[in-house]
Number of protein chains: 2
Amino acid sequence: MGTHYRGRAAEVRALDTYIKLTRATSSVGVRLSRGLAEAGLTPTQLGVLEALLHLGPLGQRVLGGKLLMSGGNITTVVDNLERRRLVRRERRGDDRRHVTVHLTSEGRRLISRVFPGHVAAIVEAFSALTPAEQEQLGRLAKKLGRSVSRPGSA
Amino acid sequence: MGTHYRGRAAEVRALDTYIKLTRATSSVGVRLSRGLAEAGLTPTQLGVLEALLHLGPLGQRVLGGKLLMSGGNITTVVDNLERRRLVRRERRGDDRRHVTVHLTSEGRRLISRVFPGHVAAIVEAFSALTPAEQEQLGRLAKKLGRSVSRPGSA
DNA sequence: ATCAAATCATTCGATATCAAAGTAATTGCC
DNA sequence: GGCAATTACTTTGATATCGAATGATTTGAT
């Protein structure tokens, strides 16, 4: 008894949380995109350049893993960056299936210039929350993400 | 004094929270997309059908507002749904600029069948968090989203 | 009544994104 | 050594998404 009601309450609660979560994430994303648009970068392109800046040259497969993105998509994004001479592909000698993506000096210059402002925008977006709230939000998000990615317990 | 250090700490904290937030949201989205894919629906298409089911026929502009989506995109999504006979456009008589989007009976049947499973998937995704944690997450997400959407205070 | 401005939808050109199919190269097994 | 399976990337075809430009219609000001 009460199961029905509890079930509905659980539905309303989860749905409500889900909506707030996606809206918040979307809002932050939209805000950050604006700054990036001035540099002519999409969020994904920034992600690729940033990974290359901080981790050095990477294979496309690794890039896809870092950015939670399908392989087919990596090809497209790297294509677009390469066309603008921001990155350079290099076929690896020891295993010619692999392609290593490098920042060009131009790409390095761009990402070095843009990244600080991007971080500042993130800090500003989250300034609505106290440090403790940010940590709490991070903790809950991590817990949620972790459980969804794994085979689910219940 | 200390400003520099605090600045860096704030950056690390916001960045870390941001990454966890986007990853969690993305993971939940990916999980939900799977169930939708079986019904041949994208998340956006589901959103449109669900809005029409629960709110009745709507103008495209209103739909865009509900789903936080640009007008151009609404046209595309409604095009795709209309091609599958799940919705029907109707040019309004009193103001011929307006188009009202209706569910067809086929569309109503589909969304009625799919929606409960979608909700169940959301409940399951969030079951990793206790009710109190879900409410806390919702509260923080709402606070964050609200502040980002508005002209930002500080 | 007429012309300008505003509003709603569509079109267009980019990028993103995925899944599936295809190509190239490597590894493993016999 | 040679064929099968695996792995890495690319290609293809579909949807999503935005912003800017365009078209159609209505509203407002004179």
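The chains referred to below are lettered A, B, ... by the order of the sequence lines, with proteins before strands, and numbering in each begins at 1.
- Note: CD (B:Gln60) to P (D:dA24) measures 17 Å, nearest angstrom.
- Summary for the helix from C:dA1-D:dT30 to C:dC30-D:dG1: the axes at its two ends, each from 5 pairs, differ by 10° when rounded to the nearest 10 degrees.
- No contact: B:Arg34 has no heavy atom under 4.0 Å from any strand.
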Handout entry: Under 4.0 Å protein heavy-atom contact, by nucleotide of nucleotides 15-23 of chain D - B base, S sugar-phosphate only
Key = SSBB-----
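- As a whole-Å value, the separation of A:Arg96 CZ from C:dT27 C1' is 17 Å.
- A:Thr100 places no side-chain N or O within donor-acceptor distance of the main-chain N or O of A:Leu58, the cut-off being under 3.5 Å.
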Practice task
Test side-chain contact (heavy atoms from CB on, under 4.5 Å) on B:Leu110 and B:Leu41 and set out the steps.
Solution key: CA-CA 10 Å; B:Leu110 179 64; B:Leu41 290 176; 4.1 Å; yes
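- Using a 4.0 Å cut-off between charged nitrogen and carboxylate oxygen, A:Arg89 and A:Glu82 count as a salt-bridge pair.
- Taking 4.0 angstrom as the limit, B:Arg61 places none of its side-chain polar atoms (N or O) nearer than this to OP1 or OP2 of C:dA6.
- Between A:His102 and A:Pro57, the shortest heavy-atom distance links the atoms ND1-CG, 3.4 Å.
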Practice task
Verify side-chain contact (heavy atoms from CB on, under 4.5 Å) between B:Asn80 and B:Gln45, making sure each step is shown before the conclusion.
Solution key: CA-CA 9 Å; B:Asn80 288 330; B:Gln45 290 175 347; 3.9 Å; yes
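- If you measure from atom CD1 of B:Ile74 to atom P of C:dA9, you get 9 Å, rounded to the nearest angstrom.
- Here the side chain of B:Arg92 pairs no donor or acceptor atom with the backbone of B:Val99 at under 3.5 angstrom.
- In this structure, A:Glu90 pairs ionically with A:Arg88, as a charged nitrogen and a carboxylate oxygen lie closer than 4.0 Å.
- Salt-bridge check for B:Arg83 with B:Asp79: failed, with every basic side-chain N at 4.0 Å or more from each acidic carboxylate O.
- Shown are B:Arg13, B:Arg139, B:Lys142; of these, the salt bridge (charged side-chain N to carboxylate O under 4.0 Å, His left out) with A:Glu133 is made only by B:Arg139.
- Listed in residue order, the members of residues 49-58 of chain A having a heavy atom less than 4.0 Å from DNA chain C come to none.
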Exercise for the section: Output, in order, the C-alpha distance, side-chain angles, deciding distance and verdict of side-chain contact (heavy atoms from CB on, under 4.5 Å) for A:Leu49 and A:Phe115. Expected result: CA-CA 9 Å; A:Leu49 296 180; A:Phe115 190 63; over 6 Å; no
Handout entry: Residue pair B:Leu21, A:Leu21: steps toward the side-chain contact (heavy atoms from CB on, under 4.5 Å) verdict
Key = CA-CA 8 Å; B:Leu21 184 68; A:Leu21 184 67; 3.5 Å; yes
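- Between the CZ atom of B:Arg91 and the C1' atom of C:dC8 there is a distance of 8 Å, given to the nearest Å.
- The interatomic distance linking A:His98 (NE2) with D:dT7 (P) rounds to 11 Å, in whole Å.
- Using a 4.0 Å heavy-atom criterion, one finds that B:Arg92 contacts no nucleic acid atom at all.
- At whole-Å resolution of the value, CG in A:Leu67 and C1' in C:dC18 are 15 Å apart.
- Look at CG on A:Asp95: it is 5 Å from P on C:dT26, rounded to the nearest Å.
- The distance from atom CG of B:Asp79 to atom C1' of C:dT11 is 10 Å, rounded to the nearest whole Å.
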